[in-house]
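Structure first, commentary second.
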Amino acid sequence: MAKPSVCADLILQMGWRDACGPRQPLNRRLYHAIRRAIDSAALAPRSRLPASRDLARELGVSRNTVNHAYGQLQVEGYVCSQVGSGTYVADILPEAMLLSGGRMPQPPAVRQAVSRPGLSVQAQDLLAHASVSEQQWGAFMPGVPDVTLFPRALYARLHHRLLCHAGPGLLTYGTQGGVAAIRHALAQHLRVARSVHCDAQQVLMTEGVHQAIELVVRSLANPGDCVWMEDPGYWGIANVLRMQHGLHTVRVPVDAEGMQLPAGLPAPRLIFVTPSHQYPLGAVMSMARRRALLAYAREAGAWIVEDDYDSEFRFSGSPVPSMQGMEEDAPVIYVGTFSKTLYPGLRMGYMVLPRLLAQPLRRIHAELYREGHQLSQHVVAELIREGHYAAHIRRMRLLYGKRRRMLLGLIERYLGAAYLPAIESGAGLHFVMPLPEHADDVKLAAALRHASVLAQPLSRYYAGGQGQRGLLLGYGSVGEEEIGAAFFRMLKVLAGALA
Ligand SMILES: Cc1ncc(COP(=O)(O)O)c(C=O)c1O
């Protein structure tokens, strides 16, 4: 029989299964045991951890358990992995980084005395599901627009003019939920472009959809409340929900008509949906489902949170109006963003609140986050008022439509129709390329990163990482002249992996 590794020996001696309470999942218990071994320098910096397959066998657990524990240690900086070479204890531990600005590795004896980060249970849970990609630009990063074509000169001119003449009101904290100019311009734009029922009093400016969702959850949900979100759905929302103590999140399956209205689930306080372009699969929620969900929310006293995140880019079919605008006084909080139409780093989004909520949420927003960005809001208001915003969207829609068709054409020609999206939404900045059931899309995405292809694995968007296999392919951040080359790099990796 093979000799157990030093690492497995150490972990077994620690009584790792009982170390932090039997209610913790096995991967958490393993994570804690390895952390203790690292903190106490029993596992020295740069020492190699066993391969996950070997450690799983030695401890009598699944490989997934070990991979989860290793993944968490990596996210927090305790270990690093080198492709083809294995997983190693980090040279400089996160605590030492915090205390010394990352300059001085501390000797083991001192490290032992350094206090733990003491992260909350919610924060640890969030880190275990951290999904933000470090690289944000390149083929085929989903959800990123072509920021190279943002009308910089125009924006800079407007910004410069405003800044030169800005009075104190533009440079101190904001207090009105966004400057009046942008709230009026947006209300007008949303009424026309998205059929949203609103006036400027209902518009609240945020730092993007993420902040809007956080504000909604903090303001409207109590511990023990149930919230529904789509499955698969946007990991960003799932992570915001994770940070709210005591919330019970129910993942509701979607099909080609969007979120299915489930029977027998606990009544929700909040329902998060992407009706005009389901994220990430792309379905447009049918009229029947929308009506049923609106009726259900009224009956249950729930709020629907409609994330209309990239509705502006529709390349075929008729425009899909917002759900908020379908009924007078609909129980809908509408959220939108400039991240896809202008650029993500702008961090500018907006909410259209039901009248009842407008005043309190504006106040809570100001108290929680303090407001700012009045200058940028004025600039964007002018872009909207003068028609530049609509013109930019029209130009980008044509370009994205062309890129989408190019990429779909290459997939059909070289991989076959089975790899075309099951739901052809004809909209947005990405689509999902399905993969055979046996494919490991997470591994594939990692291999693609080495070939400079930033596709995202579909299974990660499902609760528990279990669901259909596929790759999210974005075409916003890759020019037409690069699409072919990036596709063939992807094809080479796919051919190797799926053979
Ligand atoms: C469904 C969905 N909503 C919202 C966002 C992000 O919005 P924001 O940048 O405004 O926070 C994303 C980002 O990709 C998204 O996919």
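Every value quoted in this text rests on a predicted model; they were computed, and no experiment measured them. Position 1 is the first residue of the sequence, and the numbers go up from there. We count ligands from 1, going down the list as the structure has it; atoms in each ligand are counted the same way.
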Whether Gly208 lies under 4.0 Å from ligand 1, heavy atom: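 Gly208 counts as a contact of ligand 1 under the 4.0 Å cut-off.
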Contact check, Arg347 vs ligand 1, heavy-atom distance below 4.0 Å: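 Contact present.
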Quick one: nearest non-hydrogen protein atom to [atom], plus distance?
atom                    : answer
atom 5 (C) of ligand 1  : Tyr234 CE2, 3.6 Å
atom 9 (O) of ligand 1  : Ser339 OG, 2.7 Å
atom 14 (O) of ligand 1 : Lys340 NZ, 2.8 Å
atom 1 (C) of ligand 1  : Asp307 OD2, 3.4 Å
atom 8 (P) of ligand 1  : Val209 N, 3.4 Å

Flag, side chain of Gln278 to backbone of Pro232, donor-acceptor distance under 3.5 Å: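 Indeed, once roles are kept as given, a pair shorter than 3.5 Å links the two residues.
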Quick one about [Y] and [X] (side-chain donor to acceptor, distance below 3.5 Å, no hydrogens or angles considered), yes or no?
X      : Y      : value
Arg460 : Ser131 : no
Ser459 : Gln468 : no
Arg362 : Gln359 : no

Glu207, any N or O under 3.5 Å of ligand 1 N or O: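 In fact, backbone or side chain, Glu207 has no N or O that close.
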Minimum heavy-atom distance between Arg469 and Asp441, given as atom pair plus value: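 Smallest interatomic distance, heavy atoms only, reads CA-OD2, 3.5 Å.
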Atoms of ligand 1, numbered as shown, that sit under 4.0 Å from any heavy atom of His210: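 Close to His210: 11 (O).
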Best match, Leu472, Val144, Thr337: closest heavy atom to atom 10 (O) of ligand 1: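 When every heavy atom of Leu472, Val144, Thr337 is considered, Thr337 comes closest to atom 10 (O) of ligand 1.
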Test: Arg370 cationic atom under 6.0 Å from Tyr173 six-membered ring centre, within 45° of axis: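 Yes, a cation-pi geometry.
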Evaluation steps, side-chain hydrogen bond (donor to acceptor under 3.5 Å, both in side chains), between Tyr234 and His210: CA-CA 11 Å; Tyr234 179 40; His210 272 235; 2.9 Å; yes
